[in-house]
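Scroll down for the structure; my scribbles are underneath it.
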There are 2 protein chains.
Amino acid sequence: MEEKEISQAVIGRLPRYFRYLSELKYAGIERVSSQELSDIMKVTASQIRQDFNNFGGFGQQGYGYNVEFLHNEIGKILGLDRTHHLIIIGAGNLGQALANYVNFERRGFLFRGLFDNNSELHGKKIWGIEVQPMENMEVFVKENNIDIAVLTIPKTEAVTVAEQLVEYGIKGIWNFAHVDLNVPENIQVENVHLSDSLMKLSYNISRFESDNTK
Amino acid sequence: MEEKEISQAVIGRLPRYFRYLSELKYAGIERVSSQELSDIMKVTASQIRQDFNNFGGFGQQGYGYNVEFLHNEIGKILGLDRTHHLIIIGAGNLGQALANYVNFERRGFLFRGLFDNNSELHGKKIWGIEVQPMENMEVFVKENNIDIAVLTIPKTEAVTVAEQLVEYGIKGIWNFAHVDLNVPENIQVENVHLSDSLMKLSYNISRFESDNTK
DNA sequence: TAGATTGTTAATCGATTAACAATC
DNA sequence: TAGATTGTTAATCGATTAACAATC
């Protein structure tokens with residue numbers, strides 16, 4: 001079976017398709033054409049068809065796409081039909097917020113453990129899960145089949161901790177630390193650099209203001 | 001003065017340059033060439049020079065770039081030389097975490113107010129700032145010169161609240177709700193869709209595993 | 001001056017859009 | 001069957017990379 005590499009540009013759009021299809025499905029709508037999707041999502045119908053066709057034909061000429069089927073297929077592509085077991089490293093505000101968030105918001109991502117260096121937090125329960133010292137990580141990851149680690153620790157620690165986690169057998173890292181991690185190619189990293197995001201917003205605000213001044 | 005539109009691809013890379021230049025500056029390094037930056041940042045030297053040249057020449061032939069000067073210039077481009085006043089709408093876990101984050105992590109972004117519909121939270125202090133009812137938003141935004149609103153409320157409310165904020169005179173929205181906002185072109189929106197990000201990670205993990213199975 | 005490295009033009013690559021034949 | 005709409009090829013557009021002349 002030949003592997004055609006799908007570009008990250010396409011992957012990046014899948015969750016948004018998934019979200020809109022959820023809504024259509026929830027609204028009881030059965031079928032949708034690329035043109036209709038185009039209208040509500042503000043992207044070209046051509047792009048929609050190209051994107052879907054990266055994964056084989058989900059539609060039918062003259063009919064369009066079956067909403068429920070398409071929704072389900074995109075879910076499978078995104079790996080949402082499997083269960084992910086994740087731990088959070090760093091029990092600060094952001095770590096605690098994500099613990100709650102991940103647990104409730106999305107099925108399939110199971111919050112299993114929370115680790116922190118701060119001994120004052122050890123034993124404290126966050127959403128029913130005890131904060132553990134980081135020395136416990138290795139055993140915990142291996143015994144509980146953890147595949148995703150969420151990094152909400154300062155950047156000074158993040159690089160080292162990431163390397164440890166890779167050793168312990170983690171498959172992916174959701175990285176909230178403001179630093180680029182250094183991990184092997186087979187380990188997936190998804191960065192959420194909040195300050196970068198805020199800076200982009202700042203740029204765009206400034207740009208618009210000076211556009212007006214011209 | 002002619003306005004050449006800078007692509008969002010370039011803007012998206014500026015915060016990362018800014019971060020690396022911070023580190024070089026902090027390490028006491030005075031000059032850097034595009035080739036040296038290329039080596040540590042893992043992007044092409046050509047792209048670095050192209051990116052910087054969108055904003056005019058920051059370097060000098062035969063020398064390279066002065067780290068401190070370049071760092072400073074990129075900061076200015078990103079609007080980090082100004083002060084932004086921001087409020088957070090939604091005092092849940094994420095809102096509270098961001099309140100702390102924004103306040104401490106980045107200069108120039110001043111956390112000024114926190115709003116929530118839940119009356120049980122009203123009057124409670126988060127990082128020294130009282131949670132207010134959302135009815136106070138209009139007056140507060142206008143009187144305190146607020147330019148950025150951070151949305152950490154459920155998607156059901158987000159669209160309406162965003163429209164209100166625009167009316168009150170906000171310039172930019174940092175949107176953490178899982179919904180596309182509907183605001184005029186002159187209002188800047190920066191989305192942080194955490195669940196989208198987690199889905200991308202999920203996809204890449206699945207993809208790698210099946211790559212191996214082939 | 002010679003060497004180094006930018007600024008910038010030209011070439012390449014990839015992603016988006018347009019068009020239309022295939023087909024339900 | 002006729003109409004609609006996909007799947008897919010071709011055209012366009014934009015972003016990245018390569019190359020090199022300008023110049024410090």
Side-chain angles (χ1 to χ4, degrees), chain A residues 2-17 20-21 24 29-74 77 200 203-204 207, chain B residues 2-17 20-21 24 29-74 77 200 203-204 207:
Chain A
E2 54 175 280
E3 297 283 332
K4 34 176 179 180
E5 189 74 26
I6 314 288
S7 82
Q8 289 295 311
V10 174
I11 305 311
R13 287 191 290 266
L14 291 183
R16 188 156 177 266
Y17 290 129
Y20 275 88
L21 287 165
L24 290 174
I29 292 170
E30 239 178 51
R31 63 163 285 279
V32 71
S33 69
S34 57
Q35 188 53 56
E36 289 165 340
L37 255 187
S38 162
D39 291 340
I40 53 178
M41 292 186 64
K42 312 279 172 60
V43 295
T44 63
S46 197
Q47 181 166 75
I48 291 171
R49 294 203 298 279
Q50 287 278 21
D51 282 352
F52 293 168
N53 261 76
N54 280 297
F55 307 97
F58 293 145
Q60 203 167 55
Q61 282 101 327
Y63 172 82
Y65 301 89
N66 177 284
V67 170
E68 187 163 358
F69 175 73
L70 183 58
H71 179 258
N72 204 38
E73 288 300 309
I74 293 180
I77 291 166
K200 272 193 277 177
Y203 170 85
N204 281 318
R207 179 196 53 131
Chain B
E2 53 175 281
E3 297 282 334
K4 34 176 179 177
E5 188 75 26
I6 313 288
S7 82
Q8 288 296 312
V10 173
I11 305 311
R13 287 191 290 265
L14 291 183
R16 189 156 177 267
Y17 290 130
Y20 275 87
L21 288 164
L24 290 174
I29 293 171
E30 239 178 50
R31 62 164 286 278
V32 70
S33 70
S34 56
Q35 187 53 56
E36 287 165 340
L37 256 188
S38 162
D39 291 339
I40 55 178
M41 292 186 65
K42 313 279 172 61
V43 294
T44 64
S46 197
Q47 181 167 76
I48 291 171
R49 295 203 298 278
Q50 287 277 22
D51 283 351
F52 293 168
N53 262 74
N54 280 297
F55 307 97
F58 294 145
Q60 204 167 55
Q61 282 100 330
Y63 172 82
Y65 301 88
N66 178 283
V67 171
E68 188 163 358
F69 175 75
L70 183 58
H71 179 257
N72 204 38
E73 288 300 309
I74 292 179
I77 292 166
K200 272 193 276 175
Y203 169 84
N204 282 317
R207 179 196 53 131

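The sequence lines fix the lettering, A, B, ..., with proteins before strands; numbering per chain opens at 1. These numbers come from a predicted model, not from an experiment.
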ask   = How far apart are the C-alpha atoms of Leu37(B) and Phe52(B), what are their side-chain angles, what is the distance that settles it, and do they pass the side chain to side chain contact (heavy atoms under 4.5 Å, CB included) test?
value = CA-CA 12 Å; Leu37(B) 256 188; Phe52(B) 293 168; 4.3 Å; yes

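As rounded to whole Å, 14 Å separates atom C1' of dG14(D) from atom CD of Glu5(B). The distance between atom CZ of Arg31(B) and atom C1' of dG3(C), rounded to the nearest whole Å, is 12 Å. Distance CG (Asp51(A)) to C1' (dT16(C)): 10 Å, rounded to an integer number of Å. Residue Asn54(A) contributes atom CG, which lies 10 Å from atom P of dT16(C) at whole-angstrom precision. One can place CD of Gln8(B) at 19 Å from P of dA15(C), the figure rounded to the nearest angstrom. Rounding to whole angstrom units, CG of residue Asn53(B) and P of dT17(D) are separated by 16 Å. Look at CZ on Phe55(A): it is 14 Å from P on dT8(D), rounded to the nearest Å.
To the nearest 0.5 Å, atom CZ of residue Arg16(A) and atom CG of residue Asp51(A) are 11.5 Å apart. Put simply, CD1 on Ile48(A) and CG on Asn53(A) are 12.0 Å apart, with the number rounded to the nearest 0.5 Å. Rounding to the nearest 0.5 Å places CD1 of Ile11(A) at 8.5 Å from CD of Glu5(A). Taking NZ of Lys200(A) as the reference point, atom CZ of Arg207(A) lies at 13.0 Å (rounded to 0.5 Å). The distance from atom CG of Leu21(B) to atom CE of Met41(B), rounded to the nearest 0.5 Å, is 7.5 Å.
Ser34(A) pairs with exactly one of Arg49(A), Gln50(A), Gln47(A) by the side chain to side chain donor-acceptor pair (under 3.5 Å) rule, that one being Arg49(A).
Atom CD of Glu68(A) has 12 or fewer heavy atoms from other residues, nucleotides or ligands within 6.0 Å.
In DNA chain D, runs of at least 3 stacked Watson-Crick or G-U pairs (N1-N3 plus N6-O4 or O6-N4, or N1-O2 plus O6-N3, all under 3.5 Å) give these stems: C:3-24 with D:3-24.
Using a 30° and 60° split on the angle between ring planes, Phe69(A) and Phe58(A) fall in the perpendicular class, above 60°. In this pair, Phe55(B) and Tyr203(A) present their aromatic rings perpendicular. The plane angle is above 60°, beyond the 30 to 60° band.
Remark: Gly57(B), Phe58(B), Gly59(B), Gln60(B), Gln61(B), Gly62(B), Tyr63(B), Gly64(B), Tyr65(B) in residues 57-71 of chain B come within less than 4.0 Å of DNA chain C through at least one heavy atom. Residues from residues 38-50 of chain A with heavy atoms under 4.0 angstrom of DNA chain C, sorted by number: Thr44(A), Ser46(A), Gln47(A), Arg49(A), Gln50(A).
The shortest heavy-atom contact between Gln8(A) and Asn204(B) is NE2-OD1, 3.1 Å.
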